[in-house]
Protein chains: 2
Amino acid sequence: MATIRDVAQKAGVSAATVSRYLNKKGYISDDAKRVIAAAIEELNYRPSMIARSLSTKQTTFIGLIVPDIVNPFFPELARAIEDVALASGYTIVLCNSDEKIEKEIHYLTTLQQKYAAGFIVVTSNAEADHYTTLDIPIVAVDRRIHSSIPFVATDNREGARIGVEHLLASGCQSILCMRGPAEVGPANDRFLGFIDAVEGKVIETHVVECPFQFEASELAAREQLERQSIDGIFASSDVSAAGAMKAAYSLGIKIPDQLQIVGYDGTMLAGQLTPSLTTVAQDVYKIGTLAARMLIKLIEGQEVTEREIQIPAELIIRETTRSEAQ
Amino acid sequence: MATIRDVAQKAGVSAATVSRYLNKKGYISDDAKRVIAAAIEELNYRPSMIARSLSTKQTTFIGLIVPDIVNPFFPELARAIEDVALASGYTIVLCNSDEKIEKEIHYLTTLQQKYAAGFIVVTSNAEADHYTTLDIPIVAVDRRIHSSIPFVATDNREGARIGVEHLLASGCQSILCMRGPAEVGPANDRFLGFIDAVEGKVIETHVVECPFQFEASELAAREQLERQSIDGIFASSDVSAAGAMKAAYSLGIKIPDQLQIVGYDGTMLAGQLTPSLTTVAQDVYKIGTLAARMLIKLIEGQEVTEREIQIPAELIIRETTRSEAQ
DNA sequence: TTGAAAGCGCTAACAC
DNA sequence: GTGTTAGCGCTTTCAA
């Protein structure tokens with residue numbers, strides 16, 4: 001690998017001049033430009049980012065800490081972040097925390113001593129110390145970490161309200177809310193949205209808490225479906241909705257004739273189920289984009305006015321609801 | 001941020017000694033150990049990996065180049081790789097190529113000048129020059145790049161054969177093979193497996209090429225299903241199978257009574273469909289694990305005997321086939 | 001407009 | 001066992 005000095009020598013100038021050329025800093029004669037360009041070309045020279053980093057103390061790595069990239073929400077988020085990072089010359093480092101605080105801390109410290117310029121984090125761990133005391137920028141996505149940390153997410157409460165409203169408008173009289181885990185912020189927000197929608201209405205409601213997981217959701221749904229007459233389900237995630245569909249199927253309950261279902265998330269899965277699932281879609285790509293843009297601004301010391309962004313969710317009506325109202 | 005010299009000073013030793021302590025290299029007195037440890041603790045010192053890298057010319061970043069992390073195969077692969085990387089002190093950098101050779105080259109060069117110690121790559125781009133001329137280790141996953149580059153994948157041909165065999169054993173007389181794109185290596189292997197299974201059998205076969213994509217697959221399947229009588233489908237991916245299921249559903253064809261379907265991949269989707277999809281499952285996590293281990297060995301200069309690994313696929317029998325033979 | 005020189009934080013001979 | 005010294009490849013004053 002050629003170094004800056006090799007280039008300087010070949011071009012007959014000093015390393016400093018080459019450096020200036022590379023960084024477009026300071027004046028430099030057209031002649032010099034020409035020879036340097038030629039030398040770089042000839043040597044196929046690529047500056048070492050690591051030497052540069054050592055010198056400038058700036059880096060271009062963004063750490064992305066998510067619970068588990070296998071969870072369908074995160075690949076799309078990662079994709080969005082990577083796209084904007086790429087455009088701005090940043091590179092993303094993938095970290096799976098499994099929601100474990102030790103793993104989060106591990107990444108935070110290792111990456112910081114390595115090369116991270118900032119972090120984008122999805123975590124439910126409440127002890128925010130490790131985040132608030134960090135001396136590099138960080139933005140929280142999907143779940144709020146601390147009031148001092150910028151945050152981007154869907155307006156889950158309103159999204160859920162819309163979804164349940166749709167069930168109501170479609171004539172449901174007895175609705176089951178399959179809410180997510182109490183430890184997860186968005187799950188609570190969605191539950192609040194459910195309450196918002198049903199409050200004061202003369203209908204029956206049931207609530208069951210279950211993880212964002214297929215088998216567990218299927219089980220929970222089956223239990224509820226057997227026990228009482230339910231004609232509508234609002235599931236806090238598409239996976240749970242899929243579980244409910246399975247339960248209904250094996251119980252011989254017809255969808256959407258006897259039972260209508262609304263999921264949440266708007267993952268691919270929703271569209272690929274049969275019948276296809278009506279769902280409240282999050283614009284995950286947009287969340288990722290905004291979070292990444294915000295972080296990069298922070299890293300580059302630019303002004304960030306909106307430190308808290310809520311993105312509206314969108315109801316996608318498909319085959320698991322009848323939408324009589326329409 | 002404290003530096004190694006700060007630590008040395010506080011401990012009353014030289015930077016070299018601290019360095020030796022840090023890297024457990026060379027002898028060092030217990031006394032020294034004690035003072036150094038104390039100084040490190042007190043100053044909350046963390047060595048700068050970037051300075052270290054500049055000095056040693058070693059880094060701990062692994063570039064992972066995949067077409068698109070959103071594609072369900074890749075998150076699990078990434079997860080596996082990250083898990084073994086983490087255990088060995090490496091960190092993974094996520095790169096989405098969109099199958100575009102320019103993007104691949106971009107990552108290859110940028111990351112190399114940044115800090116990559118090696119690459120794990122999934123690509124169908126045949127011009128392997130950029131890979132074969134690379135001067136850092138690389139391993140190919142899922143799709144072969146060049147005979148000189150180590151490679152880990154599922155034994156797709158055999159996997160497909162098993163899947164089709166199952167359709168045959170379940171009594172199918174007229175089988176449609178929904179094969180993947182001709183440019184994609186594994187798709188071809190799976191098609192060969194299909195041929196292997198049906199060759200010489202007195203049954204009817206049909207073949208249609210379609211991308212690993214829901215809508216397109218649904219369309220293709222519907223067309224075939226309308227045109228001729230088909231009682232079995234071997235789809236080259238679970239997504240395509242899901243599309244086929246949807247087509248059958250809207251055509252009023254009962255699964256598995258009138259039509260049996262076998263998918264390929266063993267993604268979550270397969271288990272979450274209703275009825276759940278019989279599929280040939282790849283052990284993606286294992287592929288990732290083996291690839292990462294191999295790459296790390298290569299990076300660390302260890303002997304790698306098996307440079308080409310094929311992992312068997314496993315048939316998971318679920319509700320879209322009848323398995324009369326059992 | 002350009003070059004010399006110092007230094008970023010660490011490692012690695014080599015000498016003591 | 002430990003310290004001195006000389007870099008790793010780049011940037012950045014400061015002079016010229």
Side-chain angles (χ1 to χ4, degrees), chain A residues 1-37 39-40 43-61 89 109-117 135-136, chain B residues 1-37 39-40 43-61 89 109-117 135-136:
Chain A
M1 269 266 157
T3 75
I4 199 171
R5 264 181 260 276
D6 298 333
V7 175
Q9 192 177 354
K10 171 142 288 181
V13 299
S14 75
T17 306
V18 179
S19 173
R20 279 190 284 265
Y21 170 84
L22 255 18
N23 301 294
K24 306 182 192 336
K25 272 188 191 162
Y27 295 97
I28 172 166
S29 70
D30 286 353
D31 270 4
K33 280 183 192 162
R34 215 165 303 118
V35 264
I36 292 174
I40 288 179
L43 268 47
N44 189 236
Y45 166 74
R46 303 265 163 252
S48 155
M49 295 306 281
I50 111 119
R52 181 181 307 207
S53 289
L54 181 58
S55 187
T56 61
K57 301 175 138 338
Q58 310 217 48
T59 66
T60 52
F61 279 97
T109 56
T110 353
L111 278 185
Q112 206 178 356
Q113 69 179 290
K114 278 193 181 174
Y115 325 72
D135 45 358
I136 56 179
Chain B
M1 269 264 155
T3 77
I4 199 172
R5 264 182 259 276
D6 297 333
V7 174
Q9 193 177 353
K10 171 141 288 182
V13 298
S14 75
T17 306
V18 179
S19 173
R20 277 190 284 264
Y21 171 83
L22 255 20
N23 301 294
K24 305 184 194 333
K25 272 187 189 161
Y27 295 97
I28 172 164
S29 69
D30 286 352
D31 268 6
K33 280 183 193 164
R34 215 164 303 119
V35 263
I36 293 174
I40 289 178
L43 294 159
N44 189 237
Y45 165 75
R46 302 266 162 252
S48 155
M49 295 306 282
I50 112 117
R52 178 178 303 187
S53 289
L54 180 58
S55 185
T56 60
K57 304 179 135 334
Q58 310 218 49
T59 65
T60 53
F61 279 95
T109 56
T110 353
L111 277 186
Q112 207 177 357
Q113 68 179 291
K114 279 193 181 174
Y115 324 73
D135 44 359
I136 56 179

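Quick caveat: nothing in here was measured; it's all calculated off a predicted structure. So that the names make sense, note that chain A is the first sequence line, chain B the second, and so on, each numbered from 1.
- Taking for each of B:Lys25 and B:Ile50 the nucleotide of DNA chain C with the nearest heavy atom, the 5'-most of the two is the partner of B:Ile50.
- One atom, CG of A:Asp30, and another, C1' of C:dT2, lie 15 Å apart when rounded to the nearest Å.
- As rounded to whole Å, 14 Å separates atom P of C:dA4 from atom CD1 of A:Ile4.
- If you measure from atom NZ of B:Lys57 to atom C1' of C:dT11, you get 12 Å, rounded to the nearest angstrom.
- Base engagement by B:Leu54 is indicated by at least one non-hydrogen atom pair under 4.0 Å involving a base atom.
- A:Tyr45 comes within 4.0 angstrom of the backbone, heavy atoms only, and of no base.
- Contact between the side-chain N/O atoms of B:Ser19 and the OP1/OP2 oxygens of C:dT11 is found at a separation under 4.0 Å.
- For D:dG3, the OP1/OP2 oxygens have a side-chain nitrogen or oxygen of B:Thr17 closer than 4.0 Å.
- Side-chain nitrogen and oxygen atoms of B:Thr56 include none within less than 4.0 Å of the OP1 or OP2 phosphate oxygen of C:dA12.
- Rounded to whole angstrom, the span from the NZ atom of A:Lys33 across to the C1' atom of C:dT1 amounts to 11 Å.
- Look at A:Ser14 and you'll find a side-chain N or O under 4.0 angstrom from OP1 or OP2 of C:dG3.
- Side chain of A:Ser19 to main chain of A:Ala15: no donor-acceptor pair is present (N/O by atom type, distance under 3.5 Å, no hydrogens or angles).
- One can place CG of A:Leu43 at 14 Å from C1' of D:dG9, the figure rounded to the nearest angstrom.
- Distance, A:Arg20 CZ to C:dT1 C1': 8 Å, rounded to whole Å.
- Judged purely by atom type and a 3.5 angstrom limit, A:Ser53 uses its side chain to pair as donor or acceptor with the backbone of A:Met49.
- Proximity of B:Ser29 to the phosphate of D:dT2: a side-chain N or O atom is located under 4.0 Å from OP1 or OP2.
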